[in-house]
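Here's the structure, in structure tokens; my notes come after.
All residue numbers refer to positions in the sequence shown, counting from 1.
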Amino acid sequence: MSAAAPTSAERLTIKRQFDLPPSAELNYAIRARQSGLSINGDAVVKWQTDGREFSVEAITRAMIFGKILEAKSDGKIDDYGLAPAQFIDKRFHKNSTTTTFNRDAGKGAGGTITFSQSDASYPIKGGEQDRTSIVWQLVAVARAAAKQFKPGSDWAFFVAGQRDAEPWSFKVINQEKITTGMGEIDAVHVFRAPPPDDPGQRLDIWLAPSLEWYPIRVRFTDPNNDFVDQTLDKIIK
């Protein structure tokens with residue numbers, strides 16, 4: 001049985017201006033705490049676009065454990081920005097999952113989102129993202145709306161994960177200085193909190209206007225306070 005679609009109040013279809021950042025490979029240093037263990041490692045995020053299509057591939061490795069996360073999103077660019085076709089997510093000691101955006105040919109809307117790990121499905125209305133593409137859609141929107149991307153502003157999206165999809169709301173917090181492998185960089189702190197009735201994962205993102213608005217720090221925090229915190233080491237273009 002398909003999951004019930006969100007109500008129109010929960011899910012708004014918003015067409016925003018966007019400006020895609022240049023293709024780049026971002027290298028990060030990782031600090032994490034998982035199941036009480038402190039972990040260090042590194043991550044590589046490869047963002048590529050030619051203005052018509054895009055791909056994002058992220059690989060995270062930890063000392064002792066090796067590769068602990070591998071995620072990839074790819075698709076086309078449409079009137080809403082990134083239009084994912086497929087999202088593959090592989091976690092440590094778990095089978096990979098595939099989220100598919102079955103789009104009507106040549107249209108920004110139409111079709112369904114389906115999941116390899118559940119029977120849920122959602123209609124495609126335009127602008128939907130997955131958990132890897134959303135960071136880069138946020139970057140593209142921020143680049144196009146830098147003056148509106150200010151503390152207190154909210155930015156809503158509809159995001160698909162491994163088994164289902166839900167509305168995500170990002171709030172711009174403030175500007176902060178982040179110490180990176182490239183020195184101290186001014187960044188805009190954006191926060192995504194789970195809904196009050198959902199003890200899900202928190203997401204903090206720091207975007208650097210001076211570096212094409214690339215994400216120079218990303219922190220995932222679980223309800224049990226386990227976390228993965230990645231900070232930029234270098235950028236290869």
Side-chain angles (χ1 to χ4, degrees), residues 5-22 24 26 45 47 49 54 56 58 71 73 75-84 87 99 101 108-109 113 122-161 164-178 185-221 228-230 232:
T7 66
S8 57
E10 294 175 309
R11 182 179 176 186
L12 301 175
T13 302
I14 304 172
K15 184 179 289 187
R16 302 183 178 94
Q17 295 294 316
F18 63 91
D19 179 15
L20 301 174
L26 283 71
V45 177
W47 156 256
T49 185
F54 81 94
V56 189
S73 174
K76 297 185 180 298
I77 308 300
D78 66 14
D79 291 344
Y80 291 87
L82 305 188
F87 166 53
T99 300
F101 295 74
I113 305 172
Y122 299 82
I124 293 176
K125 298 182 177 182
E128 293 83 1
Q129 302 299 317
D130 59 60
R131 292 193 176 193
T132 291
S133 70
I134 180 58
V135 174
W136 294 89
Q137 177 74 355
L138 188 66
V139 169
V141 169
R143 284 167 55 89
K147 291 183 179 179
Q148 291 75 39
F149 212 79
K150 57 187 179 182
S153 62
D154 289 290
W155 303 82
F157 300 88
F158 192 70
V159 181
D164 56 19
E166 61 185 350
W168 278 23
S169 179
F170 290 92
K171 181 180 287 292
V172 179
I173 305 300
N174 53 28
Q175 190 166 80
E176 303 172 10
K177 291 187 180 297
I178 302 298
I185 300 171
D186 288 326
V188 178
H189 182 187
V190 187
F191 174 62
R192 185 257 168 180
D197 59 347
D198 176 17
Q201 189 180 70
R202 293 175 40 173
L203 173 59
D204 292 86
I205 305 171
W206 287 263
L207 305 178
S210 65
L211 294 175
E212 306 287 3
W213 287 82
Y214 290 136
I216 62 169
R217 182 183 176 193
V218 181
R219 180 184 175 101
F220 303 91
T221 307
V228 176
D229 196 337
Q230 59 186 57
L232 185 71

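In this view, Arg143 and Asp19, Glu212 satisfy the salt bridge (charged side-chain N to carboxylate O under 4.0 Å, His left out) rule, not counting sequence neighbours. Under the side-chain hydrogen bond (donor to acceptor under 3.5 Å, both in side chains) criterion, Gln230 pairs with no residue, sequence neighbours left out. Lys76 pairs by the salt bridge (charged side-chain N to carboxylate O under 4.0 Å, His left out) definition with Glu53, not counting sequence neighbours.
In plain terms, the two heavy atoms of Asp78 and Ala83 that are nearest each other are OD2-CB, 3.4 Å. Taking both residues in full, the closest heavy atoms of Gly126 and Thr13 are given as O-CG2, 3.6 Å, listed atom of the first, atom of the second, then distance. Between Ala187 and Trp206 the shortest heavy-atom distance is CB-CB, 3.9 Å. Looking at every heavy atom in both residues, Asp79 comes nearest to Lys15 through O-CG, 3.7 Å. Between Ser153 and Gln148, the shortest heavy-atom contact is OG-O, 3.5 Å. What you find for Arg16 and Ala156 is that their closest heavy atoms are NH2-O, 2.8 Å.
Residues Gln129 and Ser133 have side chains that bring a donor and an acceptor to within less than 3.5 angstrom of each other. Judged purely by distance below 3.5 Å, without hydrogens or angles, the side chains of Asp130 and Ser73 pair a donor atom with an acceptor atom.
The distance from atom OG1 of Thr221 to atom CZ of Phe191, rounded to the nearest 0.5 Å, is 8.0 Å. Distance CD1/Ile14 to CZ/Phe158: 12.5 Å, rounded to 0.5 Å. In this structure, CG on Asp186 lies 10.0 Å from CG on Leu211, to the nearest 0.5 angstrom. With rounding to the nearest 0.5 angstrom, the OG1 atom of Thr49 is 5.0 Å from the CG atom of Leu20. Interatomic distance, Asn174 CG to Lys150 NZ, rounded to the nearest 0.5 Å: 15.0 Å. For the atom pair Leu26 CG and Leu232 CG, the distance stands at 5.5 Å (nearest 0.5 Å).
Within the 4.5 Å cutoff, no side-chain heavy atoms of Glu166 are placed close to those of Asp164. Between Phe54 and Pro84 there is a side-chain heavy-atom pair separated by less than 4.5 Å. Between Ile185 and Ser210, some side-chain heavy-atom pair lies under the 4.5 Å cut-off. At a threshold of 4.5 Å between non-hydrogen side-chain atoms, the residues Asp204 and His189 count as touching. Residues Lys125 and Tyr80 have side chains not in contact (no heavy-atom distance under 4.5 Å, counting atoms from C-beta outward). Within the 4.5 Å cutoff, the side chain of Val218 has heavy atoms near those of the Leu203 side chain. In this structure, the side chains of Val45 and Trp136 come closer than 4.5 Å at one or more pairs of heavy atoms.
For Glu176, the CD atom is densely surrounded, since the number of other residues' heavy atoms within 6.0 Å is greater than 12.
A donor-acceptor pair under 3.5 Å is absent between the side-chain atoms of Trp155 and the main chain of Val190, judged by distance alone. No donor-acceptor pair under 3.5 Å is formed between the side chain of Gln137 and the backbone N or O of Val135.
Checked against the 6.0 Å centroid criterion, the rings of Phe149 and Trp213 qualify as a close aromatic pair.
In this structure, Phe157 and Phe170 have perpendicular ring planes: the angle between them is above 60°, well past the 30° mark.
Exactly one residue among Leu138, Ile77, Leu82 makes a side chain to side chain contact (heavy atoms under 4.5 Å, CB included) with Phe18. That residue is Ile77.
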